[in-house]
J.: 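Here it is: the structure, laid out below.
Reckoned from all heavy atoms, side chains included, excluding hydrogens, waters and symmetry mates. Since this is a predicted model, take the numbers as computed values, not measurements.
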Amino acid sequence: MNTQGLLLKREFDAPRELVFEVWTNPAHFGNWWGPKGFSLEVAKMDVRPGGMFLGCQKSPDGQQAMWGKFVYQEVQAPEKLVWVQSFSDEEGNTVRAPFNPNWPLEILNILTLEENEGKTVLTLQGGPLNASKEEQEAFDSMSPMVAQGFEGTFEQLANYLSSQQ
């Protein structure tokens, strides 16, 4: 993976096992993942190498629905998750992003969780996989917006973790 891409770090006031659990258990995942205000319906979640997550995000007004999938590459509880993320249809077929025809079809994400005195340091690294020059440029130009989106998602995660303890 090239060095371009996103690198996000955040500390959560929760034990690593719990943080890993809410990333990998469908009963939890739908309660916090996604842009602020959006709801997530988990259609399928099979967290193992080669397994798939499939879900539908709906905008707050319910007008906009976007399907997405993760295909898990590596699962090491409770410290590491690696997955390829794509937009999809409800069948799980990869499709182009609705907002940009040059958005990469596949994004490789590497999540690591480190225990630090009862807290968990989360590091998320992500970038295009097998991207064309246009796709790489689209990703790079939207990275600040994507990072901002993750801030909102991580805020929801922090709130959700505190409700689970």
J.: Ignoring hydrogens and angles, tell me if any N or O in the side chain of Asn116 forms a donor-acceptor pair with the backbone of Thr120 under 3.5 Å.
T.: no
J.: Can you name the closest pair of heavy atoms from Met66 and Pro98 and give their distance?
T.: SD-CG, 3.6 Å
J.: Show me the pairs that pass ring pair (Phe, Tyr, Trp, His ring centres under 6.0 Å) and involve residues 117-136, at least two apart or across chains.
T.: none
J.: Say you draw a straight line from CD of Glu79 to OG1 of Thr112; how long is it, rounded to the nearest 0.5 Å?
T.: 9.5 Å
J.: Are any of the side-chain nitrogens in Lys44 or Asp46 under 4.0 Å away from the carboxylate oxygens of its partner?
T.: no
J.: Can you list the steps and then say if Glu106 with Gln85 is a side-chain contact (heavy atoms from CB on, under 4.5 Å)?
T.: CA-CA 6 Å; Glu106 298 182 319; Gln85 186 171 352; over 6 Å; no
J.: With a 4.5 Å limit on heavy-atom distance, are the side chains of Glu74 and Lys80 in contact?
T.: yes
J.: If you compare all heavy atoms of Gly92 against all heavy atoms of Met52, which two are closest, and at what distance to 0.1 Å?
T.: O-CE, 4.2 Å
J.: Working to the nearest 0.5 angstrom, can you tell me the gap between Asp140 CG and Glu137 CD?
T.: 8.0 Å
J.: Write down the atom of Tyr72, the atom of Val75, and the distance for their closest heavy-atom approach.
T.: CB-CG2, 4.2 Å
J.: With a 4.5 Å cut-off on side-chain heavy atoms, are Leu81 and Thr24 touching?
T.: yes
J.: Distance from Ile110 atom CD1 to Leu124 atom CG, nearest 0.5 Å?
T.: 9.0 Å
J.: Taking atom NZ of Lys69 and atom CH2 of Trp67, what is their separation to the nearest 0.5 Å?
T.: 13.0 Å
J.: Minimum heavy-atom separation for Lys58 to Ala65, with atom names?
T.: CG-CB, 4.2 Å
J.: Of the non-hydrogen atoms in Leu113 and Pro78, which two are nearest, and what is the gap between them?
T.: CD1-O, 3.5 Å
J.: Does any part of the side chain of Trp103, heavy atoms only, come nearer than 4.5 Å to the side chain of Met142, both counted from C-beta?
T.: yes
J.: Enumerate donor-acceptor pairs with a distance under 3.5 Å from any side-chain N or O in residues 148-158 to protein atoms, sequence neighbours excluded.
T.:
| residue | atom | partner | partner atom | Å |
| --- | --- | --- | --- | --- |
| Thr153 | OG1 | Gly34 | O | 2.8 |
| Thr153 | OG1 | Gly149 | O | 3.2 |
| Glu155 | OE1 | Arg10 | NH2 | 3.3 |
| Gln156 | OE1 | Gly37 | N | 3.4 |
| Gln156 | NE2 | Trp32 | O | 2.8 |
| Gln156 | NE2 | Gly34 | O | 3.1 |

J.: Can you check whether Asp13's main-chain N or O pairs, donor with acceptor, with Gln165's side chain at less than 3.5 Å?
T.: yes
J.: Stepwise, does the ring pair (Phe, Tyr, Trp, His ring centres under 6.0 Å) test hold for Tyr160 with Phe12?
T.: CA-CA 11 Å; Tyr160 185 71; Phe12 292 95; over 10 Å; no
J.: Do Thr94 and Ser86 have side-chain heavy atoms sitting under 4.5 Å apart?
T.: yes
J.: Going by the ring pair (Phe, Tyr, Trp, His ring centres under 6.0 Å) test, which pairs reach into residues 37-60, not counting sequence neighbours?
T.: Phe29-Phe53, Phe53-Phe70
J.: Heavy-atom distance under 4.5 Å between the side chains of Asn109 and Val82, does that happen here?
T.: no
J.: According to a hydrophobic-cluster definition based on side-chain heavy atoms being under 4.5 Å apart (Ile, Leu, Val, Met, Phe, Trp, Tyr only), do Met45 and Trp33 belong together?
T.: yes
J.: In terms of side-chain geometry, is the basic nitrogen of Arg16 or Glu114 positioned less than 4.0 Å from the acidic oxygen of its partner?
T.: no
J.: Report yes if the side chains of Leu122 and Trp23 come closer than 4.5 Å at any heavy-atom pair, otherwise no.
T.: yes
J.: Between Val42 and Pro26, what is the shortest heavy-atom contact and its length?
T.: CG1-CB, 4.0 Å
J.: For Pro104, enumerate each residue passing the side-chain contact (heavy atoms from CB on, under 4.5 Å) test, keeping only those at least two apart in sequence or located in another chain.
T.: Ile107, Pro128, Glu135, Phe139
J.: Can you name the residues that form a side-chain contact (heavy atoms from CB on, under 4.5 Å) with Asn102, not counting sequence neighbours?
T.: Asn100, Glu134, Ala138
J.: Atom CD of Glu41 and atom CG of Leu54: how far apart are they, to the nearest 0.5 Å?
T.: 9.5 Å
J.: Partners of Leu7 by side-chain contact (heavy atoms from CB on, under 4.5 Å), sequence neighbours excluded?
T.: Thr123, Gln125
J.: So how far is it from Gln57 CD to Phe87 CZ, rounded to the nearest 0.5 Å?
T.: 7.5 Å
J.: Same cluster for Val19 and Leu8 if Ile/Leu/Val/Met/Phe/Trp/Tyr side chains link at under 4.5 Å?
T.: yes
